[in-house]
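Naming: A, B, ... by sequence-line order, numbering from 1 per chain.
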There are 2 protein chains.
Amino acid sequence: MDGNKKQAIQEDTAARLRAAGLRPTRPRVALASLLLGRGHRHLTAETLHAEAAKAGVRVSLATVYNALHQFTEAGLLRQVVVDAARSYFDTNTGEHQHFFCEDDGRLIDIPGDAIAVSHVPAPPRGMAVRRVDVVVRIKRG
Amino acid sequence: MDGNKKQAIQEDTAARLRAAGLRPTRPRVALASLLLGRGHRHLTAETLHAEAAKAGVRVSLATVYNALHQFTEAGLLRQVVVDAARSYFDTNTGEHQHFFCEDDGRLIDIPGDAIAVSHVPAPPRGMAVRRVDVVVRIKRG
DNA sequence: TCAACAGTTTAGAATTATTCCAAAGAAGAA
DNA sequence: TTCTTCTTTGGAATAATTCTAAACTGTTGA
């Protein structure tokens with residue numbers, strides 16, 4: 001990737017962060033660029049931290065955790081809970097669901113219009129539905 | 001609960017464990033009796049450990065973890081992943097789904113015949129669907 | 001009835017993911 | 001600039017869970 005393009009992405013990212021009410025600090029812009037620059041992906045804090053390191057961005061793990069949560073809060077990411085051991089974050093915030101491969105922990109998107117959940121009962125009085133998550137657990141065999 | 005009834009439950013439980021290929025040791029029979037004796041419940045390792053202590057059963061937390069996993073493996077329990085922080089176990093192994101209240105971490109059953117997931121795509125080649133989990137995340141408001 | 005083996009339990013250490021903390025550093029406003 | 005506020009950071013702290021090695025118990029077969 002050449003320098004101009006990289007800079008353009010970063011300016012774009014900075015604008016998105018500002019729009020989300022987040023100061024476009026260097027760590028945040030770097031992480032958000034990595035996250036949102038390429039196509040949709042599923043990643044953990046460790047994964048992102050390693051990716052940042054490989055890209056020459058030196059950020060602490062604490063900052064990665066902070067950023068992931070702030071981005072999620074801001075609607076730039078979606079957190080996916082499928083495995084008790086670790087938290088995944090999905091750069092695809094559109095309506096969709098997941099296959100979860102229990103053998104290797106991989107997540108695969110299921111387009112939102114390919115799957116449907118019907119007859120979700122009304123939640124208890126005073127409660128509102130925030131989201132309906134479907135996880136199709138698969139394994140070899 | 002009188003002694004005879006308690007003993008009957010324990011013998012019944014021992015038989016279930018044996019049938020599942022698990023030696024009906026004292027800790028396992030005690031935990032399984034607590035778990036399966038009353039109606040369906042959702043609990044964590046800590047919860048069960050505390051409940052055992054209250055019932056006068058002294059088991060280590062490691063044993064509780066072992067038992068929960070073995071019972072799950074044996075189909076006596078079902079593990080529910082909704083919260084990255086802790087693991088829930090459900091004594092209801094029948095087909096059903098859950099509301100998850102994000103405010104207080106409570107789980108509420110949704111009967112299996114009340115909800116339907118349609119058009120689940122075929123899993124990738126060589127993979128088999130183990131289960132389809134639906135979590136309806138709700139919160140106050 | 002009992003020896004002997006394999007499977008279990010246990011306390012506590014170890015591990016893992018994540019959060020907390022207090023001090024040092026950077027962004028935005030005036 | 002300078003000030004204020006928000007951020008970052010390394011490292012300590014936490015929390016859930018797993019591991020470990022030694023002690024123990026259920027079961028089997030003599």
Side-chain angles (χ1 to χ4, degrees), chain A residues 10-11 13-34 42-53 56-74 76-77 79-89 105 107, chain B residues 10-11 13-34 42-53 56-74 76-77 79-89 105 107:
Chain A
Q10 295 204 335
E11 276 168 20
T13 304
R16 288 188 74 176
L17 290 177
R18 232 184 298 268
L22 293 170
R23 246 189 222 177
T25 63
R26 193 136 78 77
R28 290 214 270 236
V29 171
L31 292 176
S33 295
L34 281 173
H42 305 110
L43 34 110
T44 66
E46 292 290 352
T47 311
L48 178 56
H49 188 240
E51 208 169 294
V57 182
R58 220 181 96 282
V59 283
S60 76
L61 196 50
T63 299
V64 172
Y65 275 104
N66 287 339
L68 285 173
H69 289 139
Q70 292 153 352
F71 294 175
T72 300
E73 191 81 9
L76 269 42
L77 292 178
Q79 188 167 4
V80 184
V81 180
V82 284
D83 184 346
R86 70 183 124 276
S87 277
Y88 289 84
F89 292 84
L107 281 172
Chain B
Q10 295 203 335
E11 275 168 21
T13 304
R16 288 188 73 176
L17 291 176
R18 231 183 300 265
L22 294 170
R23 250 190 220 177
T25 63
R26 195 137 76 76
R28 291 213 268 237
V29 171
L31 292 175
S33 295
L34 281 173
H42 304 110
L43 33 110
T44 66
E46 291 289 352
T47 311
L48 178 56
H49 188 241
E51 208 170 294
V57 182
R58 218 182 97 281
V59 283
S60 76
L61 196 49
T63 299
V64 172
Y65 275 103
N66 287 340
L68 284 173
H69 289 141
Q70 292 154 351
F71 294 174
T72 300
E73 190 81 9
L76 269 42
L77 292 180
Q79 187 167 5
V80 184
V81 180
V82 284
D83 184 346
R86 71 182 121 277
S87 278
Y88 289 84
F89 292 85
L107 281 172

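- Here His49(A) pairs with nothing under the ring-ring contact (aromatic ring centres under 6.0 Å, His included) rule; sequence neighbours left out.
- Taking atom CG on Asp83(A) and atom P on dT18(D), their separation rounds to 11 Å, with Å as the unit.
- Axis angle between the ends of the helix from dT1(C)-dA30(D) to dA30(C)-dT1(D), five pairs each and rounded to 10 degrees, works out to 30°.
- dT9(D) atom P lies 11 Å from atom CZ of Arg28(A), rounded to whole Å.
- The side-chain hydrogen bond (donor to acceptor under 3.5 Å, both in side chains) pairs that include a residue from residues 63-73 of chain B are Arg28(B)-Gln70(B), Ser60(B)-Thr63(B), where partners are two or more places apart or lie in different chains.
- The CG atom of Leu76(B) lies 11.0 Å from the CG atom of Leu68(B); values are rounded to the nearest 0.5 Å.
- Positionally, the nearest nucleotide of DNA chain C for Gly21(B) lies more toward the 5' end than for the other of Arg58(B) and Gly21(B).
- Counting only distance, with no hydrogens or angles, the side chain of Tyr88(B) and the backbone of Gly105(B) share a donor-acceptor pair below 3.5 Å.
- Both Ala62(B) and Ala67(A) lie near DNA chain D, and the one whose nearest nucleotide falls closer to the 5' end is Ala67(A).
- A sub-4.0 Å separation between OP1 or OP2 of dA16(D) and a side-chain N or O of Ser87(B) is absent.
- The stretch residues 44-53 of chain A has no heavy atom under 4.0 Å from DNA chain D, so no residue of it qualifies as close.
- Phosphate proximity of dT18(D) to Tyr65(B): absent, as no side-chain N or O sits under 4.0 Å from OP1 or OP2.
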Could you run through nucleotides 25-30 of chain D and give me one letter per nucleotide, 5' to 3': B if any protein heavy atom sits under 4.0 Å from the base, S if only the sugar-phosphate is that close, - if neither? BBS---
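- Taking the 5' to 3' direction, DNA chain C first and last meets chain A under 4.0 angstrom from a heavy atom at dA17(C) to dG28(C).
- The residue among Ala84(B) and Ser60(B) whose nearest nucleotide of DNA chain C lies closer to the 5′ end is Ser60(B).
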